[in-house]
Amino acid sequence: WRFAEIVDEEREHGARSTFFLMAGHGHRADGAAPEAYDRLRPRLVETLLTAGAEVGLHGSYLAAEELDRLAHERALLAQLDGPLIGHRYHYLRVDPHRNLAPLAGIGFRYDTSLGFPDALGFRAGIAHPFRPWDFGRDRPADLVEVPLAAMDATLAEERYAGLSANDAKPRVLELLDWAAEDGGAFSILWHPERFDASSARGWDRLYFEVIDAVRERGGVCLSAGELAGLAAERFGLPRD
């Protein structure tokens, strides 16, 4: 439970981020103790909002297939958070042909699920926030997609790259060098257990080294909502 400390340290490094919280458990992949999540969720939201952090919804495993379930989860979390505009699918279970454009109708302004679980880089081939295609209406969706470029699990988990934090650092810095040279605006994903002393294994240190590296290359580290808001303004969409 180091959420306030994470926010404080981010500020010391000149950065802001978004915390995506789950509000539903209907599958074993959502966690082993749903009653603990339900009990702690109000306290967690209060902790993050008091610290000045942005809160988004982390849609549950089955919500990727059941949009009514996702809408219910959003309503539950919105009771604690108030305006809730951002979303990410659990296990990155996003299907751009099916469950991305409908997010706008549920009340979301942006999503940041579109990335690879098993590789760095840009799943849509776009390294800036963009409006995904609404295939049902044959037009751009009323939604901003903030592309996911890098995830800690992609780098660390044995079923993927299986790297140490030290070995992962050059790969992330290569991505940042590319962004600094060619321009880019994207998200990175770090899970909260990476900041716990018993399980961090250097990944907490790497997170803040990445933030410093962004700033050294002339970039800025914003919350997902701030970045999506800037993009929405450019696209002529509502910011909140």
Side-chain angles (χ1 to χ4, degrees), residues 1-7 9-10 17-51 53-81 84 86-95 98-100 103 106 108 111-119 148 150-165 168 187-207 223-224:
W1 191 277
R2 296 195 67 252
F3 301 102
E5 290 85 353
I6 293 170
V7 174
E9 191 164 356
E10 285 177 338
S17 67
T18 302
F19 292 77
F20 292 92
L21 310 185
M22 297 187 69
H25 287 71
H27 189 277
R28 63 180 181 274
D30 294 327
E35 67 283 354
Y37 285 86
D38 290 341
R39 176 173 53 85
L40 292 171
R41 190 177 300 112
R43 178 181 160 206
L44 175 53
V45 171
E46 181 182 12
T47 297
L48 292 171
L49 295 183
T50 300
E54 183 193 8
V55 172
L57 178 68
H58 194 304
S60 68
Y61 189 85
L62 294 177
E65 303 167 357
E66 303 171 15
L67 291 175
D68 287 345
R69 179 188 292 267
L70 183 63
H72 177 67
E73 292 173 7
R74 182 185 182 276
L76 287 176
L77 189 57
Q79 291 175 0
L80 303 174
D81 173 55
L84 192 70
H87 172 263
R88 171 179 286 136
Y89 278 116
H90 199 19
Y91 283 83
L92 307 182
R93 300 185 75 215
V94 58
D95 179 352
R98 183 177 54 84
N99 64 7
L100 195 51
L103 294 176
I106 295 174
F108 294 109
D111 174 79
T112 180
S113 307
L114 199 59
F116 298 113
D118 56 351
L148 175 63
M151 178 170 65
D152 56 357
T154 303
L155 298 161
E157 298 297 326
E158 289 298 329
R159 67 183 184 274
Y160 299 138
L163 300 173
S164 68
S187 71
I188 63 172
L189 192 170
W190 246 245
H191 291 83
E193 66 266 25
R194 308 291 182 192
F195 299 91
D196 180 75
S198 64
S199 58
R201 295 182 295 119
W203 292 97
D204 53 346
R205 182 187 68 251
L206 178 58
Y207 177 75
S223 69

How many angstroms lie between atom CG of D196 and atom CG of D204, to the nearest 0.5 angstrom? 9.0 Å
Between R201 (side chain only) and S164 (backbone N and O only), is there a donor and an acceptor less than 3.5 Å apart? no
In residues 68-77, what donor-acceptor pairs under 3.5 Å come from side-chain atoms, sequence neighbours left out?
from : atom 1 : to   : atom 2 : distance (Å)
R69  : NE     : E66  : OE1    : 2.9
R69  : NH2    : E66  : OE1    : 3.3
E73  : OE1    : S60  : N      : 3.1
E73  : OE2    : S60  : OG     : 2.5
R74  : NE     : L84  : O      : 3.2
R74  : NH2    : L84  : O      : 2.8
R74  : NH2    : G107 : O      : 3.3

Apply side chain to side chain contact (heavy atoms under 4.5 Å, CB included) to H25 and list each qualifying residue two or more places apart in sequence or on a separate chain. M22, D30, P34, Y37, R41
Inspect the surroundings of CD in E5 and state if more than 12 heavy atoms from other residues, nucleotides or ligands are less than 6.0 Å away. yes
For the residue pair L21 and L48, establish whether any side-chain heavy-atom pair is separated by less than 4.5 Å. yes
Working to the nearest 0.5 Å, report the span between CG of L100 and CG of D95. 9.0 Å
Could you work out, with salt bridge (Lys or Arg N to Asp or Glu O under 4.0 Å) as the rule, every residue matching D152, not counting sequence neighbours? R194
Exercise: identify the closest heavy-atom pair between A168 and L163: CA-CD1, 3.9 Å
Look up atom CE in M151 and atom CD1 in I188, then write down how far apart they are to the nearest 0.5 Å. 12.0 Å
For A64, is there any backbone N or O sitting under 3.5 Å from a side-chain donor or acceptor partner on R98? yes
For the residue pair S199 / E193, report whether a side-chain donor-acceptor contact shorter than 3.5 Å exists. no
Who passes side chain to side chain contact (heavy atoms under 4.5 Å, CB included) against R43, sequence neighbours left out? W1, L40, T47
The side chain to side chain contact (heavy atoms under 4.5 Å, CB included) partners of A119 (sequence neighbours excluded) come to F116
Would R28 and Y61 satisfy side chain to side chain contact (heavy atoms under 4.5 Å, CB included), going step by step from the backbone distance to the final call? CA-CA 9 Å; R28 63 180 181 274; Y61 189 85; over 6 Å; no
R88 CZ to L148 CG distance, which is reported to the nearest 0.5 Å: 5.5 Å
Decide side chain to side chain contact (heavy atoms under 4.5 Å, CB included) for T112 and F20; before the verdict, give the C-alpha distance in whole Å, the side-chain angles of both, and the deciding distance to 0.1 Å. CA-CA 10 Å; T112 180; F20 292 92; 3.4 Å; yes
Test your reading of the model: is there a side-chain donor-acceptor pair from T18 to the backbone of A224, 3.5 Å cut-off? yes
Would you please name every residue forming a ring pair (Phe, Tyr, Trp, His ring centres under 6.0 Å) with Y89, sequence neighbours left out? H87
For a 4.5 angstrom cut-off between non-hydrogen side-chain atoms, does L57 reach F108? yes
Once you round to the nearest 0.5 Å, how far does CG of D118 lie from CG of L155? 11.5 Å
Nearest atoms (heavy-atom pairs only) where S17 meets S223: O-CB, 3.6 Å
Looking at W190 and W203, would you say the former's side chain and the latter's main chain have a donor-acceptor pair under 3.5 Å? yes
